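Notes to accompany the following structure.
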Number of protein chains: 2
Amino acid sequence: MAQQKAAAAKRKGAMAKDGVSANDAAPPKDRRRERGEASVQRIIDATIELIAEEGLASVTMQRIAEHVGSSNALVVFHFRSKENLFRAVLQYLSDRYDELWVTLVRAPGLSPVERALGAVDCAQRFARQHPKWVSVFVVFSSDRKSMQIYDEIGLPSDLAYTAEARELLIEISRSGGYTGVDIDTLSESLNYLVHGAWYWDHLNPSSRDTNVLRKTMLLLLHQAFPRHFELMR
Amino acid sequence: MAQQKAAAAKRKGAMAKDGVSANDAAPPKDRRRERGEASVQRIIDATIELIAEEGLASVTMQRIAEHVGSSNALVVFHFRSKENLFRAVLQYLSDRYDELWVTLVRAPGLSPVERALGAVDCAQRFARQHPKWVSVFVVFSSDRKSMQIYDEIGLPSDLAYTAEARELLIEISRSGGYTGVDIDTLSESLNYLVHGAWYWDHLNPSSRDTNVLRKTMLLLLHQAFPRHFELMR
DNA sequence: CCGCGGCCTTTTGTTGCGCCATCTTCGTCC
DNA sequence: GGACGAAGATGGCGCAACAAAAGGCCGCGG
C-alpha cells in the first residue's frame, strides 16, 4: 500500500537533498519514483479538495483523476482501491494534526499550563488554517461506512489527545493545589467545544473566524484554575 | 420477499373482524389510505434506521425496501425519488424536534430563565431519547451534497432556535440588570456545546449518557448570570 | 360489478469501480 | 553504450449496482 512509498521516500531524502554538490557520488535518485510520489501527493490533495467541497457521496475515482489531470487508472494504480485511497487521505490528515500537536503541546521545556494553552491553540489554528481538512474529518467521521476508516485511524488519536489533555489538567490541579475541580467534566467539555466548533463551522462556514472557541475554553479553564489562566478580553 | 407481503396483506383484510367486535364503529377512514400512510411511516422509520447505522453512501432504495419488507417500487411510489424521500425524512425529524422545543421552551407561562433551562433540556433529551435521530441529522449535515437538503430544512430551524435562545439571554441580562455580559459569545458557546455533544456522541457513542453537556451549559449560564442560574452538583 | 387506488414485477438506462492490454520513460546490467 | 526490465501512466472495457419508468394485478369501496 502507500506505506511502501513513504519508506522509499526516506531513503531518497537522506542524501538527494544536498545533491547540488558538483559531481560526487552520481546521485541515483530515481526520477520515476519522484514522479510517482508527486502524483500520489497530488491525488491526495485533490481528494481532500473534492471531499471538502462536495462530500463523500459524489466523489468518484474519475472525478479525482479528472481533478488531478490524469486517468482514473493512475489513481487505481497508486492506491489499489477507493477505500485504500480514503485511508491514505485520513492518515495524511491525521499526521498533519499530529505534527501541530507535537509542536504546540509536546515541545520540550513547556509548563503544564503552557501545554494546555498549546492544546487550545492547536484546535483553533488547525480549524482556521485548514478548514478543508476539518471538513474532511467531519465528513469521514459522520458516515458510518467511512467511519470504519475513521475508527481505525482518526478516533484513536482523537482519544489520545483528549487523554493527554486530561493528564495535563490533572497535573495543573495537583501542582496548583486545587481541590474539588471536576476534571472529567472539564476535559469532556473542552472536547465537546472543539468538536462542536469544527462541526458547526463546517456546516455553517459564515460563523468561522470568531474567537468564541478560544474565549470559551479559556473561560472554562479560568473558572477551574483561576490562578493559572487569565480571561481573554 | 414480495410474496410474503401479498400474503400478509391478504390476511390483514380477513383479520379485520377478529381485531375488534364484529360491528366495530364504522371506520370513516379509507383503509387503503391508512395502509398507505402506515407504509410511508414504515419507510421513513426504516430509512432513519439505515442511515443512522450505515451512513448515507451505502443506503439504497432496495436496501430500504428490503428493510421495510416491500419492493423498491413501493418506495418510489410513495416518494417520487430518493432525494424526495430524504427530504421527507429530514422534515419528519425536524418536526419532531420542533414539537419538543415548543413544549419545553415556548410553553405558556414560563419565565425567560425557565425557557432557557427548557432549551438546555431540549438539547439533552433529544440526544438521549433518540440517538439515531441525532445521527441522521449529523449525517445529513456533513455531506455537502445532502447538505443542500439540510440547508433548506434543518439549518433555518437551527439558526432560529439559536436566535431564540439568544433573545432569551438578552432578556435575562436586561431584566436581571447584568452588564458586561458577552451575549453573542455565550450563545455561540452554548451552540457549540450542543452540536459538539451531538456530533461527538454520534461518533463515539460510549461517551453518551454522561451529564457533561448539561453541567457545562449551566456552568456557563451561572458564570454569566449568577443570580439566576444555580450550579449543578 | 366496476372502476380506482395502492401495490408489485420487469425493464431500461446510467454510473462507477476495478482490471487489462498497451505505451512511455528511465535506471541498470552486460 | 545499447538492449532489457521495471516503474509510471493511459484509454477503454466488463460487471455490478443503482434510480427510475412502464405496465399489470388485486382488493376495496361505492
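Numbered from 1 within each chain, the chains take letters A, B, ... in sequence-line order. Computed from heavy atoms alone, side chains included, the values below leave out hydrogens, waters and symmetry copies. None of the values given here were measured: they were computed from a predicted structure.
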inquiry  = Whole angstroms only, please: what is the CZ-C1' distance between A:F79 and D:dG8?
reply    = 14 Å
query = Hey, does the side chain of B:S39 come within less than 4.0 Å of C:dC7's phosphate (OP1/OP2), counting only N and O?
reply = yes
request  = Could you tell me the separation between the CG atom of B:N84 and the P atom of D:dA19, rounded to a whole number of Å?
outcome  = 14 Å
key: Whole angstrom value for the distance that separates P of C:dT25 from CG of A:L74   = 15 Å
key: Contact pattern, 5' to 3', of nucleotides 15-21 of chain C - B, S or - by protein heavy atom under 4.0 Å   = -BBBB--
inquiry  = Please enumerate all residues that pass side chain to side chain donor-acceptor pair (under 3.5 Å) together with B:T47, with sequence neighbours excluded.
reply    = none
message = Taking salt bridge (charged side-chain N to carboxylate O under 4.0 Å, His left out) as the definition, give me every residue that meets it alongside B:R125, ordered by chain and number, with sequence neighbours left out.
response = B:D121
inquiry  = I need the residues from residues 44-55 of chain A with at least one non-hydrogen atom less than 4.0 Å from DNA chain C; give them sorted by number, or say none.
reply    = none
task = Would you mind reading off the distance between B:E66 atom CD and D:dA17 atom P, rounded to a whole angstrom?
result = 12 Å
inquiry  = For a quick test of reading the model: is some side-chain N or O of B:H78 closer than 4.0 Å to OP1 or OP2 of C:dC7?
reply    = yes
message = Given 3.5 Å as the limit, does a donor-acceptor pair link the side chain of B:R115 with the main chain of B:L110, or not?
response = yes
task = Could you pull out all residues at least two apart from B:E54 that satisfy salt bridge (charged side-chain N to carboxylate O under 4.0 Å, His left out)?
result = B:R63
request  = Under the salt bridge (charged side-chain N to carboxylate O under 4.0 Å, His left out) rule, collect the residues that match up with A:R96, sequence neighbours excluded.
outcome  = A:E99
message = Using side-chain heavy atoms (C-beta onward) and a distance below 4.5 Å, is B:L186 in contact with B:L169?
response = yes
note = When rounded to whole Å, the CD to P distance for the pair A:Q41 and D:dG8 reads 15 Å
B:T185: side chain to side chain donor-acceptor pair (under 3.5 Å) partners, not counting sequence neighbours = B:D182
message = In this structure, how many angstroms lie between the C1' atom of D:dA7 and the CZ atom of A:R35, rounded?
response = 10 Å
task = Tell me, please, which residues at least two apart from B:K145 pass salt bridge (charged side-chain N to carboxylate O under 4.0 Å, His left out).
result = none
request  = Under the side chain to side chain donor-acceptor pair (under 3.5 Å) rule, collect the residues that match up with B:N191, sequence neighbours excluded.
outcome  = B:H195
